[in-house]
Amino acid sequence: MAQINPSILSADFARLAEEAKAVEGADWLHVDVMDNHFVPNLTLGVPIVEAIGKATDIPLDCHLMIEDPDRWAPQYVEAGAGSVTFHAEAAAAPVRLAREIRAKGARASMALKPATPIEPYEDLLPELDMLLIMTVEPGFGGQAFLDIMLPKIRRTRELIGKHGLELWLQVDGGVSATTIERCAEAGADVFVAGSAVYGAQDPAAAVRELRAQADAVTAAAPWACGH
Ligand code: DX5
Ligand code: ZN
């Protein structure tokens, strides 16, 4: 079944506990950590992740858009994140870092910016629990979905099949009712949605509707056989 991860980047930062409750039924809460160096925006860090984790039962999917994740990522596991995503472009030693995240008890995930190809990372995939393909340039919510990323999603899905991996394939950026089906058809199974969820009248209903749309496509997808 498709997983829908609302991004709190589009939520009201002064009411994060209530905003987490507003998406009850979501699979994970996507928390965008930005350091104003790796991306030109600044959001939140370890203490706020810890506070959000205490305020909700939804597991936290922390997306670290920061430099030097080798140094900082383990702290997000300690803060209570169930999944920690670092960027391939920022990690000095991605294998060591993924192993450290797993050893500390969280799911290890690696993200690729739009211009970063998947192919150089083929041999690393068994070290990961999730691969995140950015479908916008990271840094801001509400940007337009990049259709040019669909071939990369497809190629990644093929690599997952080729190696028989239990790897989740996440997309993040511009995912909405108009683009989620394209992502699901290409092979994504975890969908981050910020503005499409928090911009909706009823965010929890938006989560259910997005999941139903993705599931309908996945049910017919050849890559999902026996999924
Ligand atoms: C962008 C963030 C995304 C963002 C997505 O850099 O990583 O998680 O919140 O927002 P939407 O869904 O509005 O594109
Ligand atoms: Zn994100």
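What you are looking at is a predicted structure, and each value in this text was computed from that prediction instead of being measured. Note that ligands are numbered from 1 as they come in the structure, with each ligand's atoms numbered from 1 the same way.
Close approach to P138 involves these atoms of ligand 1, each under 4.0 Å from a residue heavy atom: 6 (O). Atom numbering of ligand 1 starts at 1 in the shown order; those under 4.0 Å from a heavy atom of V192 are 8 (O). Near H63, meaning under 4.0 Å from any of its heavy atoms, are these atoms of ligand 1: 7 (O). Those atoms of ligand 1 that come under 4.0 Å of a heavy atom in H30, given as number and element, are 8 (O). Every atom of ligand 1 with a heavy atom of G173 under 4.0 Å away is listed here by number and element: 14 (O). Applying the 4.0 Å criterion to heavy atoms of M65 picks out, from ligand 1, the atoms 6 (O), 7 (O).
Between the R102 side chain and the L128 main chain, a donor and an acceptor come within less than 3.5 Å of each other. Without hydrogens or angle criteria, E19 side chain to D12 main chain gives a donor-acceptor distance under 3.5 Å. No donor-acceptor pair closer than 3.5 Å links the side chain of N36 to the backbone N or O of L42. Using a distance-only test at 3.5 Å, with no hydrogens or angles considered, no donor-acceptor pair links the side chain of R107 to the main chain of S83. In this structure, R96 contributes its side chain and A92 its backbone to no donor-acceptor pair below 3.5 Å. The main-chain N or O of P94 is never found under 3.5 Å from a side-chain atom of D70 such that the two would form a donor-acceptor pair. Remark: side-chain polar atoms of T43 are paired, donor with acceptor, to backbone N or O of M34 under 3.5 angstrom.
A 4.5 Å side-chain heavy-atom check between H30 and P6 finds every atom pair outside the cut-off.
In this structure, atom 14 (O) of ligand 1 lies nearest to the protein heavy atom G174 N, 2.8 Å. Considering only non-hydrogen protein atoms, atom 10 (O) of ligand 1 sits nearest to G141 CA, 3.5 Å. Ranking the protein heavy atoms by distance from atom 12 (O) of ligand 1 puts G194 N, 2.8 Å first. With hydrogens left out, the protein atom closest to atom 13 (O) of ligand 1 is S195 OG, 2.5 Å, a heavy atom. Of the protein's heavy atoms, F140 O, 3.5 Å lies nearest to atom 1 (C) of ligand 1. When hydrogens are left out, the protein atom nearest atom 9 (O) of ligand 1 is S7 OG, 2.7 Å; that is the closest non-hydrogen contact.
In terms of polar-atom proximity, Q143 is not counted as a contact of ligand 1, lacking any N or O under 3.5 Å from an N or O of the ligand. Taking any N or O of M134, backbone or side chain, none lies under 3.5 Å from an N or O belonging to ligand 1. Checked against a 3.5 angstrom limit, the closest N/O atoms of M34 and ligand 1 fall outside it. Residue G139 has at least one nitrogen or oxygen atom sitting less than 3.5 Å from a nitrogen or oxygen atom of ligand 1, judged on distance alone.
For the atom pair CD (E50) and CG (L44), the distance works out to 13.0 Å, reported to the nearest 0.5 Å. Residue W28 holds its CH2 atom at 9.5 Å from CD of Q170, rounded to the nearest 0.5 Å.
The atom name of the N/O/S atom in H63 closest to the Zn ion (ligand 2) is ND1. The minimum distance between the Zn ion (ligand 2) and any N, O or S atom of D172 involves atom OD2. For D32, the N, O or S atom closest to the Zn ion (ligand 2) goes by the atom name OD1.
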**Request:** Could you go through the side chain to side chain contact (heavy atoms under 4.5 Å, CB included) check for M149 and M134 one step at a time?
**Result:** CA-CA 8 Å; M149 291 298 104; M134 291 302 301; over 6 Å; no
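Across D172, D61, D27, a single residue satisfies side chain to side chain donor-acceptor pair (under 3.5 Å) together with N5, and that is D61. Across I8, T85, I48, a single residue satisfies side-chain contact (heavy atoms from CB on, under 4.5 Å) together with V31, and that is I8.
Counting only non-hydrogen atoms, the option in V197, V39, D172 that gets closest to atom 3 (C) of ligand 1 is D172.
If you look at A193 next to ligand 1, the close heavy atoms, those under 4.0 Å, all belong to the backbone.
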